[in-house]
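Taking it in order: structure first as structure tokens, then the write-up.
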2 protein chains.
Amino acid sequence: MSRRPTIVDVARAAGVSKSTVSNVLQNSPLVKPATRKLVEQAMGDLGYVYNRSAANLRGGDIGLIGLVINDLRNPFFTEFAASAQMTFAERGYATVIANTDEKPEIQAQVIASMIEHGVSGFLISPDYVPEEEGLETIRRAGIPAMQVLRRIDPRTDVFPFASLDYATGGRLAAEHLLGLGLRRIAFVGGLANRPVTEERMSGYRAAMAEAGLDTAAFHGRPSRAFGRDMALALRARHPEIEGAICFSDLVALGMLAGFAEAGTRVGTDFRLVGFDDIEECALTWPRLSSVRCDVARFGRESAEAMLAWLEEGRQPPPMRRAPVELVARHSSLGVPG
Amino acid sequence: MSRRPTIVDVARAAGVSKSTVSNVLQNSPLVKPATRKLVEQAMGDLGYVYNRSAANLRGGDIGLIGLVINDLRNPFFTEFAASAQMTFAERGYATVIANTDEKPEIQAQVIASMIEHGVSGFLISPDYVPEEEGLETIRRAGIPAMQVLRRIDPRTDVFPFASLDYATGGRLAAEHLLGLGLRRIAFVGGLANRPVTEERMSGYRAAMAEAGLDTAAFHGRPSRAFGRDMALALRARHPEIEGAICFSDLVALGMLAGFAEAGTRVGTDFRLVGFDDIEECALTWPRLSSVRCDVARFGRESAEAMLAWLEEGRQPPPMRRAPVELVARHSSLGVPG
DNA sequence: CTGAAAGCGCTTACAG
DNA sequence: CTGAAAGCGCTTACAG
């Protein structure tokens, strides 16, 4: 494979100087249309490829964004990552993406690697590791970074935080079930003492307290497997519980499967509300009620906020909460007819 | 934000030349341990960050892999992408990832962008667009590239192809249902005439022909929604069909929901086999039988093949088919007890 | 409007 | 074992 042509080769072929070729590349209005044509022709003939590393070296922006995700296999985060990446691509940015699998060592390593690669900005859905140094490496490198969905670093003036209004979501779900006449409502799934779990539970706790009712929480990994196991456990050991708000749809979908196995009719014998409203909720039987977070929109908006910061210097507000809404379906209302 | 320190700053602080700093960076055995110590100390003090763009310019490899995926939201491809990315990360490579959403224009654009960013290799699960120029842009740039899961470019000597043994998978599924005594078995989902659909169907067709039976295919998007609709349609209009092999688990999961809605007991009234064996299959009720593709392993192996090519010059074979196996569960065997 | 020159941060022979 | 020098492909003032 012979070496790739450079702007010098293009310049020679077009009979101009390499500065002129560079000006064409920059879309400089200085270049005469005829000259531009000539240069573009030469580029096509030679199969010229722009070398961003070289351009970057001289000063500019490399047009690369770092996207760090704690769990890329979880459809909630997949949707977020895919939406953000597509938004960046539309605006001419490439995205380096890494799945940290909730492991702080991997997170630290990929952040270091992305800094070396010269990313212009970071969008990070971090793991939870309060004891580590947070995003200090990024601050030292002076790279704009937003923390989304989870706040790992308290310095939101440096690392703006954006998430969804989980507290309101928990309240909406609880008020919905209370409005249907339920009294014994549990919260299922989510690891105890994690901020997101606390947020999602807080609205539930508040609504239950206002109704003068006790709460009950069954914590665990936000997975289908945990949901399935909990559905079976609730039937066996807590038959008094009439309904549940789940930490996430994955838990709720697991519970749906568990109740099917136990022969419990969801929506009638037991009322269930998920959290996130992933696509699958509208496709199960019975359909799953959920708190809609519209993470696709959230991913797009987060990417746009990042781009506004990079391109126009508009730093996002320290704290943003995107609105959520309740979508009631069969699993809480019952199957009609 | 003051400018980042360079090797010259480190050299000055450590009292050595910048060549020596570079040698430390390269882990050259030439450097005396004491000198190395001195340099590393200075790096730490200054918060030095290696600039890969500059290094790349001089010749070397930038340590960046381009991962191009046709549908990042589909859990099958998410799993593939996540496994490949994690494997690359373990070996010190960063991954630029892009979701093309099955759109050829986006695919062409992201490939061009990745070439500009200097990726060392490509792993591509492409869209299907026979009429375009395939991967010619990449060939011209002289970058090693593997096509996985779908073959868009016929030049497998240039772009090695790796996929799963779908034909055998289809045969195993058909033979399984035939062995249970079924005669009227349909194939559901998958767009007609797509290579993957043809491959997955071919084994089914062969097994049915050997048994002297007719085939029936109901093509459509490989989505939950299509599966749900087809389950309802089959019950209403094709009650003679006793079982189905689905193009993918998403279709099968949709059918599971549709049958639940229709009151059909899967595993007894109707027997169902999915394809891919995503995690969810073992967590539904009834549990879904499926053709296990182990895409996590396939992702890892594909990444390793790419790395062997890049690092040791071992080009992968033109064509590779990873083995698959049938996992029989409730949806075809019935729920025990 | 176009060209000659310096320089971005690194690596790579080559002297010493 | 360490240092001085050239050069990777581009951009950016600055002359012309």
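Sequence lines set the chain letters: A, B, ... in the order given, protein chains first and strands last, and positions in each chain run from 1. Every heavy atom of this structure was used, including side-chain atoms; hydrogens, water molecules and symmetry mates were not. In this text the structure is predicted, and so the values were computed from the model without any measurement.
- Residue A:Ile115 contributes atom CD1, which lies 17 Å from atom P of C:dG9 at whole-angstrom precision.
- A straight line from CG of A:Leu30 to C1' of D:dC14 spans 13 Å, rounded to a whole angstrom.
- Within the 3.5 Å criterion, the main-chain N or O of B:Lys103 finds no donor-acceptor partner in the side chain of B:Asp101.
- When the P atom of D:dG3 is taken as reference, atom CD1 of B:Ile7 falls 12 Å away, rounded to whole Å.
- Listed by chain and residue number, nothing satisfies the side chain to side chain donor-acceptor pair (under 3.5 Å) test with B:Thr78 (two or more places apart in sequence, or in another chain).
- In this structure, the separation between CG on A:Leu135 and CZ on A:Arg140 is 11.5 Å, given to the nearest 0.5 Å.
- The stretch residues 85-117 of chain A participates, sequence neighbours left out, in no ring-ring contact (aromatic ring centres under 6.0 Å, His included) pair at all.
- Within residues 45-52 of chain B, the residues approached by DNA chain C to less than 4.0 Å at the level of any non-hydrogen atom are B:Tyr48, B:Val49, B:Tyr50, B:Asn51, in residue-number order.
- Every side chain to side chain contact (heavy atoms under 4.5 Å, CB included) that A:Thr87 has, sequence neighbours left out, goes to A:Arg300, A:Ala303, A:Glu304.
- By the ring-ring contact (aromatic ring centres under 6.0 Å, His included) test, B:Phe122 pairs with no residue at all, sequence neighbours left out.
- Less than 4.0 Å separates DNA chain D from at least one heavy atom of each of the following residues of residues 8-28 of chain B: B:Val16, B:Ser17, B:Lys18, B:Ser19, B:Thr20.
- The residue A:Ser53 sits apart from the nucleic acid: no heavy atom pair falls under 4.0 Å.
- Within the 4.0 Å cut-off from OP1 or OP2 of C:dC8, not a single side-chain nitrogen or oxygen of B:Thr6 is found.
- The salt bridge (Lys or Arg N to Asp or Glu O under 4.0 Å) check on B:Arg155 picks up B:Glu136, B:Asp153, with sequence neighbours excluded.
- When rounded to the nearest whole Å, the span between CD1 of B:Ile62 and P of C:dG9 equals 16 Å.
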*If pairs are Watson-Crick or G-U with both distances under 3.5 Å, what is the dot-bracket string of DNA chain D, marking crossing pairs with [ ] and pairs to another strand with |?*
|||.||||||||.|||
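- Going from atom CE of A:Met43 over to atom C1' of D:dG9 covers 13 Å, rounded to whole Å.
- For residues 10-32 of chain B, every residue pair satisfying the salt bridge (charged side-chain N to carboxylate O under 4.0 Å, His left out) rule, not counting sequence neighbours, is listed here: B:Asp9-B:Arg12.
- Take B:Thr156 and apply the side chain to side chain donor-acceptor pair (under 3.5 Å) test, not counting sequence neighbours, and it matches no residue.
- Applying the side chain to side chain donor-acceptor pair (under 3.5 Å) rule to B:Ser28 yields no partners; only residues at least two apart in sequence or on another chain are considered.
- B:Asp71 pairs by the salt bridge (Lys or Arg N to Asp or Glu O under 4.0 Å) definition with nothing, not counting sequence neighbours.
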